[in-house]
Amino acid sequence: MKAINAMKVTLSGFVCLSSTPHISSPKLALSVLCALSISACQPSDSATNTNQTQAVSAERTQTIEALAGVPMQQLATFDPQEVKQGGDTGVTITSAESYSKPSSNLTASRKGDFFIGNAFFSQPWVMAPASTDSRDGLGGLFNVAACQSCHVKDGRGHAPMNTEDDADSLLVRLAMPATTDEQRQQLQNSLIEKVAHPVYGGQLQDRGIQGVPAEAQIAVQWTDKLVTFADGHIETLRAPTFSLTKPGYGAFDDELMVSPRIALPMIGLGLLEQIPDEDIKKQAVSNNKNADNNASSIRGKFNWVMDPKTGKLALGRFGWKAGQTKILTQNQSAFSEDMGLTSNIRPHESCMPAQTACLDATTGADEQGNGKPPVEVNDEIAKFVEFYTRNLAVPNRRNADDTVVLAGKKRFYDMGCQSCHTPRYQLPKTNDDNIEQHGQVIYPYTDLLLHDMGDDLADRTIAGKLPPKDAQVEFLANSYEWRTPALWGIGLAQTVDPQATFLHDGRARTLMEAVLWHGGEAAKQQQKVLKLDKQGRTELNAFLKSL
């Protein structure tokens, strides 16, 4: 393998668009409109009368209606119940604090746990030893010192705007291709998440505490790409070229696969956690059964991952590639990889064997008793943070009955966007303590499945090449596949944080830009989006902004 020191990483490729444009892309997860163009989209003249049964298959329609408990026609028109897209947990606030409020049905006796969790989520952790004993142990290697640094006001992140900007709300995941039969078998059976780099591990950490060198620095350059609609309207997209410079532990390998990812919004996670596994699996069946062999057909698959708490295989639903099973495991993984903090689920320091300064750094681990190893995030803290992240409320919709919004909603359904952005679920009452989420009717607009979004949004190797499609990077997910992001609350993303951007690497500054980057399974639909006239674009955008 050819070694390089300060290798420029070309993480996005794109093709020139002519009168018959074609853009591939992937990244469901949030940014967010991952599955929007995944849907079938109609030309936009004012007479868009396509029947929705033509936009999605009969079986997919049946599945959506079964999950929703109402007919497709009701979903596609004004539905007063949808104003509360987070059910009875929703809030009406429309300010910068829109993502930071507790579930509105949270009782006074339970709000104390929410606010304690908020304190641990928002306040920075510090180096050990420190007088703040409950929050010491940061690093040795880390990305940020507080959860809130990535999830600004509990919202989504953004990519660095230039070489001087920090990468606080963006991180880079790493993976190596399997080289042995044992590794390939482990990946195929989801026994391991990925083949980690032997020196840099599975995530680049661009900061270190005093005496511990950072792994590398992250920078980005942007290239404009003009896209022309059928009516002559020009949209300017931007393609990122990320660079990893100043490697702290030796050269990178050309085959190293790199995946830049912005932070996802925190709202509604407890509701998504309550969607039954079978409701997610049946959508993969309904999509795949009707998919032909064309690469642009809507398919979708669920990720099958090793749960670090139980040691058993389970369905993944959180993260850009659905690599986490539960809110608790998602939180503990972030504590470990983003902040260098140990917990009972992730009890080992996030240092690789060659990173001796990291391994030798003083920890803030405290004895737990009962035979448990010393850790920095004990079970009590973990429980508070889990409760907080479970109960961040989804804002109610705005202007849901507006005529322009409803016209945009009709286009959304006529174009088949619900092929991946499943609109509605009826949550069960389960045998657990998550009472705020029990029995809610919710409108998240996601199937929580992985979709191949094409070459343009696919992750690259550090040498700028596309990995093979059989190279797994996060359990069953490859570099081209992204989980459909939930759309609820997306219209308030830049109210919460004006710098917030969309798609996995933050390249999209607007919702329309995010739509236009879609490719792969969405290639046909993205072409149809480009036929929307000014009225169609205005209506579709109004609907999305109302969510």
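Under 4.0 Å is where a charged nitrogen must lie from a carboxylate oxygen, and between Lys101 and Glu97 no such pair does. We find that Arg173 and Glu337 are joined by a salt bridge, their nearest charged nitrogen and carboxylate oxygen being less than 4.0 Å apart. Between Glu376 and Arg346 no salt bridge is recorded (no basic side-chain N to carboxylate O distance below 4.0 Å). Ion pair Arg110/Asp433 flagged as a salt bridge, since at least one NZ, NE, NH1 or NH2 atom sits closer than 4.0 Å to an Asp/Glu carboxylate oxygen. Between Asp113 and Lys383, none of the side-chain N atoms (NZ, or NE/NH1/NH2) sits under 4.0 Å from a carboxylate O, so this pair counts as no salt bridge. The residues Arg390 and Glu273 are annotated as salt-bridged, a charged nitrogen and a carboxylate oxygen being separated by less than 4.0 angstrom. Salt bridge status for Asp307 with Lys309: absent, with no side-chain N to carboxylate O gap under 4.0 Å.
The two residues Thr389 and Leu269 make their nearest non-hydrogen contact at O-CB, 3.7 Å. Taking every heavy atom of both residues into account, Gly202 and Lys194 meet most closely at O-NZ, 3.1 Å. Across every non-hydrogen atom of Pro265 and Tyr99, the tightest pair is CB-CE2, 4.0 Å.
Considering OG of Ser259 and CZ of Phe242, their distance stands at 10.0 Å, rounded to 0.5 Å. Expressed to the nearest 0.5 Å, how far OG of Ser149 lies from CG of Asp166 amounts to 9.0 Å. In this structure, Leu313 CG and Ser190 OG are separated by 6.0 Å, a value rounded to the nearest 0.5 Å. With rounding to the nearest 0.5 angstrom, the CG atom of Leu256 is 9.0 Å from the CG atom of Leu204. Atom CD of residue Gln85 and atom CG of residue Leu271 lie 10.5 Å apart, to the nearest 0.5 angstrom.
Judged by distance alone, the side chain of Asp497 and the main-chain N or O of Gln499 form a donor-acceptor pair under 3.5 Å. Put simply, the side chain of Tyr425 never gets that close to the backbone of Tyr445: no donor and acceptor are under 3.5 Å apart. At least one donor-acceptor pair closer than 3.5 Å links the side chain of Gln183 to the backbone N or O of Thr179. A donor-acceptor pair under 3.5 Å is absent between the side-chain atoms of Thr363 and the main chain of Gly137, judged by distance alone. The closest donor-acceptor contact from the side chain of Arg207 to the backbone of Asn143 lies under 3.5 Å. In this structure a side-chain-to-backbone donor-acceptor pair under 3.5 Å is missing from Lys545 to Arg398. With His438 contributing its side chain and Pro428 its backbone, the two residues share no donor-acceptor pair below 3.5 Å. Panel note: side chain Asp452, backbone Glu481; no donor-acceptor pair is recorded below 3.5 Å. Listed for the Ser122 side chain is no donor-acceptor partner under 3.5 Å among the backbone atoms of Gln148.
Ring centroid separation for the pair Tyr200 and Phe252 comes in under the 6.0 Å cut-off.
In this structure the side chain of Thr446 reaches within 4.5 angstrom of the side chain of Leu272, judged on heavy atoms. Looking only at side-chain heavy atoms (C-beta outward), Phe475 and Glu193 come within less than 4.5 Å of each other.
A cation-pi arrangement is not found for Arg135 relative to Trp125, the charged atom failing to lie both closer than 6.0 Å to the ring centre and inside a 45° cone about the ring normal.
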